[in-house]
Amino acid sequence: MDAQDVGRILEETAVLLELKGENPFKARAYANAGRVVRGLLDDINQVVADGRIGDVQGIGKTLAHDITELVTTGKMTVHEELRRLLPAGLLELTTLSGLGPKRIKAIYEKLGVTNVGELEYACRENRLASLEGFGEKTQQNLLSAIALREKHRERHLYHHAREAADGLVAVVRQRPDIACAEVAGSLRRHCETIRDIDILASAPASARKSIMEMFVSQPELEAVVARGETKSSVRLRNGMNADLRILDDVEYPYALNYFTGSKEHNTVMRARAKERRLKLNEYGLFRLDGEGCVACRDEPDIYRALGLAYIPPELREDMGEFEAAQRDALPHLVERGDIRGMLHVHTTASDGVNSIEELVTAARSMGMSYLGVCDHSQSAAYAGGLPPERVRQQWEEIDRINGKLDGFVVLKGIESDIRPDGSLDYDGELLSGFDFVVASIHSKLKMTEQEATERILRAIRNPAVSILGHPTGRLLLAREGYPVDLRAVIDEAARLGVAIELNASPHRLDLDWTWCKVAKAKGVKIAICPDAHSAADMRDIDIGVALGRKGWLEAGDVLNTLPVSEFREAITRRG
DNA sequence: GCCGTTTTCGGCCCGACTGTTTTCAGTCG
């Protein structure tokens with residue numbers, strides 16, 4: 001059991017406690033413990049084994065006992081009891097926007113609603129409107145929230161799919177008779193949300209039956225949907241479907257290309273083949289006149305045969321990649337190793353779980369040469385935003401730390417709230433003391449497009465602002481972003497020399513990859529930032545890079561690939 | 001449930017918004 005598992009169960013316990021109507025502070029203690037556990041730098045199993053878990057700030061006697069029980073037995077009594085007491089469907093109700101623990105408790109107790117389906121039915125029967133504390137509008141809003149959820153029902157966030165898929169591929173690769181195995185489909189194309197996991201493997205026909213046997217009998221499966229010698233489908237415990245296809249070595253590159261897609265990309269590929277009197281499908285590239293097929297050892301061979309430079313999977317959306325490949329003008333996509341600065345990282349000063357020094361250690365181990373601390377600003381009171389005097393304290397701390405560091409720099413940043421009128425919540429003097437300012441919207445999200453756009457434009461015109469944070473505020477599969485005229489924002493950012501964030505949190509991935517290309521074309525630099533609230537979250541930078549690549553970004557388009565001296569220059573140029 | 005202490009209880013994050021009410025509870029960030 002790892003820290004993420006423990007964190008998840010602690011957080012679920014917190015939600016269940018709230019639903020039960022327990023002391024909200026008790027619930028918060030569990031939620032907080034979950035967060036703290038996820039941020040532990042040492043292995044949780046080791047910390048528990050050493051008896052050090054109770055020494056961790058935020059974990060007292062009871063939680064130390066509960067966590068120890070969980071780590072050693074895989075179960076936690078408090079959690080088990082709560083799950084026995086409350087219908088499992090109540091948990092999913094908490095994912096609906098506008099519905100918190102109090103209201104869920106009310107509809108459960110007064111209307112007997114135990115899951116989303118029953119809630120929808122109750123709304124349609126107009127039973128919520130007559131419930132005390134509820135009304136017509138709330139009922140309508142809940143129906144909209146359910147509809148939004150329905151729309152995203154079968155999709156999953158990139159990092160969840162990635163983790164599950166990598167695990168499955170590792171299992172398949174353990175078999176010595178497997179020549180190749182990799183993830184195909186939308187995950188290979190770095191799409192931000194994924195429906196199914198597609199895995200392709202090549203193995204001799206004689207070995208396929210036993211490989212499939214092994215695949216469908218893994219313990220992590222919820223159900224086996226289909227099982228055959230060339231294709232099996234399974235449903236994972238996390239609700240995802242995963243397909244494994246096994247082919248022979250000769251077919252493998254064609255199948256990999258076909259099952260990676262996108263559908264639109266494949267259509268163009270087949271058309272190009274046809275122009276060359278060839279036929280492309282998942283089994284090969286066949287000659288239409290004469291016989292036989294064009295032998296391709298790998299995907300680059302296929303592209304070459306069609307007169308194209310090799311197109312990386314993440315660009316295969318039929319969004320300009322063919323024209324570029326034909327002219328041999330494909331971008332040299334940014335790589336994780338190009339990133340030198342870890343920007344937009346929260347510390348214990350606001351709502352992060354690690355200290356600056358801990359974050360420095362982690363960032364260095366990830367090959368970074370600078371860290372941009374960005375806690376919340378003062379109006380984000382919910383997140384422990386920093387009033388001016390605490391900002392100055394943090395600056396002193398950063399100076400102290402920098403004095404001890406060699407070959408690494410901590411930069412003084414802030415994630416400054418953009419107020420509804422577009423102003424920032426510190427005065428100009430304080431703002432000018434930061435090395436850089438990320439300006440983000442966190443409140444009053446319901447705006448017309450015009451309001452949102454003007455609010456953002458005014459914010460980035462503030463000369464202190466270097467980076468516009470998560471520009472649409474979207475939460476993938478959960479909340480649409482505010483409507484904003486991104487073209488106008490990008491144009492203004494280009495004029496001013498302000499960078500735009502590609503927030504690498506797998507829940508945001510905002511700026512959307514489709515707009516990265518637009519920003520790049522206008523010369524707007526993109527800052528790929530993890531928006532990390534712990535040292536572990538900094539690994540999300542990988543996801544940000546994956547999406548940046550999908551958005552055609554090259555190292556030169558990404559602000560934090562610059563060495564620190566050039567980074568400083570780039571962000572102070574606007575004075 | 002955790003923490004800190006003027007140590008064994010009292011406070012714990014808070015301001016804005018929404019939709020309900022007719023002064024405020026619930027939710028959100």
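Lettering of chains follows the sequences in order, A, B, ..., and the numbering in each one begins at 1.
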Exercise for the section: Could you measure between the two C1' atoms, the one in B:dG11 and the one in B:dT5, and give it in whole Å? Expected result: 12 Å
Exercise for the section: Looking at every strand, decide which applies to A:Glu22 at a 4.0 Å heavy-atom threshold: base, sugar-phosphate, or nothing. Expected result: nothing
Practice task
May I ask you to say what A:Pro24 touches in the nucleic acid, namely base, sugar-phosphate or nothing, with a heavy-atom cut-off under 4.0 Å?
Solution key: nothing
Practice task
For A:Gln139 and for A:Ala29, locate the closest nucleotide of DNA chain B by heavy-atom distance; then report the residue assigned to the nucleotide nearer the 5' terminus.
Solution key: A:Ala29
Handout entry: Axial cation check for A:Phe134 ring with A:Arg103, 6.0 Å and 45° limits
Key = yes
Exercise for the section: Using a 4.0 Å heavy-atom cut-off across all strands, classify A:Thr62 as base, sugar-phosphate, or nothing. Expected result: sugar-phosphate
Problem - 5' precedence on DNA chain B between A:Thr138 and A:Gly98 (nearest-nucleotide basis) - result: A:Thr138
Exercise for the section: Would you classify A:Leu17 as touching base, sugar-phosphate or nothing, given that sugar-phosphate means primed atoms plus P, OP1 and OP2, and contacts are heavy atoms under 4.0 Å? Expected result: nothing
Handout entry: Pairwise P distance for B:dT8 and B:dC14, with rounding to whole Å
Key = 24 Å
Exercise for the section: Taking atom types as modelled, find out whether A:Glu501 and A:His470 have a side-chain donor-acceptor pair closer than 3.5 angstrom. Expected result: no
Handout entry: Derivation of the side-chain hydrogen bond (donor to acceptor under 3.5 Å, both in side chains) call for A:Gln394 and A:Asp375
Key = CA-CA 10 Å; A:Gln394 188 179 62; A:Asp375 276 305; 2.8 Å; yes
Handout entry: Considering all heavy atoms, the nearest A:Ile356-A:Val410 contact
Key = CG2-CG1, 4.1 Å
Practice task
Could you measure between the two C1' atoms, the one in B:dG10 and the one in B:dG15, and give it in whole Å?
Solution key: 23 Å
Handout entry: B:dG19 to B:dT23 separation - C1' atoms, rounded to the nearest Å
Key = 13 Å
Exercise for the section: For A:Ser97, report the nucleic acid contact type (base, sugar-phosphate, nothing); a contact means any heavy atom under 4.0 Å. Expected result: sugar-phosphate
Practice task
Using a 4.0 Å heavy-atom cut-off across all strands, classify A:Asn32 as base, sugar-phosphate, or nothing.
Solution key: nothing
Problem - Watson-Crick/G-U partner (both atom distances under 3.5 Å) of B:dA25 - result: B:dT18
Handout entry: Rounded distance in Å between the P positions of B:dT20 and B:dC13
Key = 30 Å
Problem - Positive for salt bridge (Lys or Arg N to Asp or Glu O under 4.0 Å) with A:Asp421, one of A:Arg458, A:Arg455, A:Lys444 - result: A:Arg458
Exercise for the section: Say whether A:Asp417 and A:His376, considering side chains only, have a donor N or O and an acceptor N or O under 3.5 Å apart. Expected result: no
Problem - Boundaries of the DNA chain B segment in contact with chain A, non-hydrogen, under 4.0 Å - result: B:dG1 to B:dG29
Practice task
Describe the nucleic acid contact of A:Glu132 in one word from base, sugar-phosphate, nothing, applying a heavy-atom distance below 4.0 Å.
Solution key: nothing
Exercise for the section: Rounded to whole angstrom, note down the P distance from B:dC17 over to B:dT7. Expected result: 42 Å
Handout entry: Closest non-hydrogen atom pair between A:Thr114 and A:Glu118, with its separation
Key = N-OE1, 2.6 Å
